[in-house]
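Reading through the structure tokens given below for one structure.
Just follow the structure's listing: the first ligand is 1, and inside any ligand the first atom is 1. Here the structure is a predicted model, which is why all the values come from computation and not from measurement.
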Amino acid sequence: MMSIFYITTPIYYPNAPPHIGHAYTTVFADVLARYHRLIGDEVFFMTGNDEHGLKLQRAAEKKGVHPKQFVDEMADVYKKYWELLDISYDYFIRTTDDYHEKVVKTAIQKLYDKGLVYKASYAGWYCVDCEKFYSPGEYIEINGKPHCPIHKKPLEWLEEETYYFKLSEFEDFIIDVLKNKDIVYPRSYALEVLGKVEKEGLRDVSIARPKERVWWGIEVPFDKNYTVYVWFDALLNYISGIGYLEDMDRFNKYWPNVHHVIGKDILWFHTVVWFSILKALDIELPKKLLVHAFLINRGLKIGKSAGNVIAIEDLIDRYQDSDGVRYILMRVFNMDKDVDVSTELFDSIYNSELADTLGNLVRRIGVLAKKKLGGIVYKREVDKELSTSIVETLNKYNEYMEAYDVSRAIQVVMDLLRKANAYVNLTRPWEKMDPGKELYSLLETIRASTTMLYPIIPKAASKVSKAFGYRIGNPSEYVIGEIERYNIVDAPILFRKIKQ
Ligand code: ME8
């Protein structure tokens, strides 16, 4: 049955180019988007940039350019990186787009009209990197001074008149949602937020900034001395990007099927704050919020602010192409646990799985088929054991992909490919006069494996399908023995081993 699958990434702050952490999220979203296209869903995949606020204002100031010029240039930089990583997004949203600004203004006005916004003074500790206030108990102290728990940088003291959103009014609603609705995945994250809300309650949040301090933002429609707080602005991208206000049919088509992918650093905003805003706007809550843990390096979350960034271009250089990088990131992908990035680990995954297992099998079978059978392999009965393994693997793979467990899905395919390599060693087709049965069995295994791996390594999978003459189809409708005749025109070397 065809369904609609709307998937989003966070919109990133373009104060610097994206790094491995952004790639982690974006590749994951891309893999889900590609999988859903393969199984016949109508997919809308959106990523983009979060272009307003103090962080961007300062980044532009530092460069001596107007923030608009700065974010324009950076939008191209982000798009270039996503192209390098073969990200198949359908739409790239920017919060400086005019339809988006209109949605933000209308939304904040609606909350104001409903009596959910009021003016009062605020004093507190602020992290510009998070664009977030931290209260005592939330921040950490280093040398007696408040520091951001994520970026480990000193917080700034802010005191100002601001507009508040009455988040406190939504406390019961939020508790009910986190307890009883199956939105946040994995569920442990819902329980984490629930625990915090139950313990501390919900305090109202500031949703505006005085222009004299933060002028780079969307003007508050009911007070021109203020700009809209960047997080309120940013979250609304998920609805403005599919035509909220402008094209309600389109909005109503995609919204009920939205899947937000985020890192756990922005969990609070995407549960408590986002769910309350949606409720206040009379919009249904998202279908799923998919949360993942961090990539870390020397114990710290990898990030621009921590200065331990790993550049996407370095990864692409080392692993030769986008496929290598995509595969490694998805192979280590973990929603619950932080993953320590290490070159040894990445190299060994690349060498043993992509080069030695998949690459080696494809090369061997391609060469053998050409040499022994002139490249033409007719349909034969598929080896019983292999055929059972193919079916089992497909079932598990589909189950894991439906559960967003890309890493496990990859691992079952690798197990199948290892079995196929063992079958080659056991049956020794190079010694046979007519190795038709063995080669056909192996080609069917390769076809199934590349079909399953296509969302992760689209270039390599397409290369094999072209060289061996078959189409990448729907992995939930794969039929063994469907191909009457393989025509092998090439025996590609997919991944060249790197020296460790
Ligand atoms: O927070 N490990 O933007 P941002 C895993 N503009 N994921 C990581 C990561 C790491 N070390 N570093 C970054 C913002 N990420 C806001 C979002 S959405 C309405 C507004 C990924 O540029 C992860 O997805 O700081 C994280 O949530 C996101 O980048 C933060 O990107």
Side-chain angles (χ1 to χ4, degrees), residues 7-30 32 46-56 59 71 74-75 77-78 81-82 85 87 92-96 100 103-104 107 127-132 148 150-153 189 217 228-241 258-275 277-278 286 289-312 315 329-330 332-341:
I7 183 156
T8 66
T9 70
I11 48 172
Y12 304 113
Y13 292 127
N15 58 317
H19 57 68
I20 187 173
H22 305 103
Y24 196 55
T25 311
T26 310
V27 170
F28 177 65
D30 185 61
L32 295 184
M46 188 165 83
T47 187
N49 284 354
D50 186 356
E51 304 188 319
H52 290 127
L54 190 56
K55 188 157 158 158
L56 267 301
V71 296
M74 289 307 281
V77 170
Y78 271 68
Y81 276 97
W82 299 149
L85 281 171
I87 304 299
F92 189 95
I93 190 163
R94 302 181 49 191
T95 52
T96 51
H100 172 78
V103 168
V104 173
C127 171
V128 181
D129 284 315
C130 294
E131 291 275 18
K132 183 180 173 180
C148 170
I150 292 177
H151 299 101
K152 317 275 189 270
K153 282 184 161 177
Y189 290 111
V228 176
Y229 173 40
V230 62
W231 266 102
F232 185 83
D233 170 351
L235 286 164
L236 291 165
N237 91 86
Y238 300 132
I239 61 171
S240 71
V258 64
H259 299 69
H260 296 314
V261 177
I262 62 161
K264 66 179 179 181
D265 49 336
I266 53 179
L267 175 63
W268 178 260
F269 285 110
H270 280 81
T271 48
V272 171
V273 181
W274 184 221
F275 293 177
I277 293 172
L278 288 169
L289 180 68
L290 306 175
V291 189
H292 65 72
F294 294 150
L295 287 178
I296 55 173
N297 190 354
R298 296 187 296 267
L300 277 185
K301 173 185 173 232
I302 292 180
K304 293 165 267 200
S305 317
N308 58 357
V309 156
I310 295 168
I312 292 170
L315 289 168
L329 291 178
M330 290 305 99
V332 301
F333 193 83
N334 199 310
M335 298 183 97
D336 305 288
K337 287 195 211 96
D338 292 345
V339 171
D340 215 332
V341 169

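Near His270, meaning under 4.0 Å from one of its heavy atoms, ligand 1 places the atoms 18 (S), 19 (C). Distances below 4.0 Å separate heavy atoms of Ala234 from the following atoms of ligand 1: 19 (C). Shown in contact with Asp50 at under 4.0 Å from a heavy atom are these atoms of ligand 1, numbered in order with element: 6 (N), 16 (C), 20 (C). The atoms of ligand 1 that sit less than 4.0 Å from any heavy atom of Tyr24 are 5 (C). In the vicinity of Pro10, heavy-atom distances shorter than 4.0 Å reach the ligand 1 atoms 18 (S), 24 (O).
At least one heavy atom of Ala293 sits closer than 4.0 Å to an atom of ligand 1. At a 4.0 Å cut-off, at least one heavy atom of Trp231 sits close enough to ligand 1 to count as contact. Within the 4.0 Å heavy-atom cutoff, His292 counts among the residues contacting ligand 1.
When each of Asn237, Val230, Leu235, Leu56 is tested with Asp50 by the rule side chain to side chain contact (heavy atoms under 4.5 Å, CB included), just one qualifies, namely Val230.
Looking from atom 8 (C) of ligand 1 to the surrounding protein, the closest heavy atom is Gly21 O, 3.4 Å. For atom 29 (O) of ligand 1, the closest non-hydrogen atom of the protein is His22 CD2, 3.3 Å. Protein heavy atom in closest approach to atom 25 (O) of ligand 1: Tyr13 CD1, 3.6 Å. Atom 16 (C) of ligand 1 has Ile11 O, 3.4 Å as its closest protein atom, hydrogens excluded (heavy atom only). Protein heavy atom at the shortest distance from atom 24 (O) of ligand 1 is Thr25 OG1, 2.6 Å. Protein heavy atom nearest atom 30 (C) of ligand 1, with residue, atom name and distance: Asp265 OD2, 3.8 Å. Looking only at protein heavy atoms, the nearest one to atom 2 (N) of ligand 1 is Leu295 N, 2.8 Å. Here the protein heavy atom with the shortest distance to atom 1 (O) of ligand 1 is Ile266 CG2, 3.5 Å.
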Verdict with reasoning, His259 to Thr8, per side-chain hydrogen bond (donor to acceptor under 3.5 Å, both in side chains): CA-CA 6 Å; His259 299 69; Thr8 66; over 6 Å; no

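By heavy-atom distance, the residue among Tyr238, Phe232, Tyr12 lying nearest atom 18 (S) of ligand 1 is Tyr238.
Using a 4.0 Å cut-off between charged side-chain N and carboxylate O, Lys264 and Asp338 make a salt bridge. Taking 4.0 Å as the cut-off between side-chain N and carboxylate O, Glu131 and Lys55 do not count as a salt-bridged pair.
Heavy atoms from both the backbone and the side chain of Ile302 come within less than 4.0 Å of ligand 1. Contacts between Lys264 and ligand 1, counted as non-hydrogen atom pairs separated by less than 4.0 Å, are absent for every part of the residue.
We find the CG-CG distance between Leu32 and Leu290 to be 7.0 Å, quoted to the nearest 0.5 Å.
For the residue pair Thr96 and His52, no side-chain donor N or O sits within less than 3.5 Å of a side-chain acceptor on the partner. For the 3.5 Å distance criterion, the side chains of Asp233 and His100 qualify, holding a donor opposite an acceptor. Checked by atom type, the side-chain pair Thr95/Glu51 shows no donor-acceptor distance below 3.5 Å. Residues Tyr81 and Thr26 have side chains that never bring a donor and an acceptor to within less than 3.5 angstrom of each other.
Ring to ring, Tyr238 and His270 are close: their centroids are under 6.0 angstrom apart.
Ring planes of Trp82 and Tyr78: perpendicular class, angle over 60° (limits at 30 and 60°). Using the six-membered ring where Trp is involved, Phe333 and Tyr24 have ring planes that are tilted, between 30° and 60° apart.
Between Gly263 and ligand 1, at least one pair of N/O atoms sits closer than 3.5 Å.
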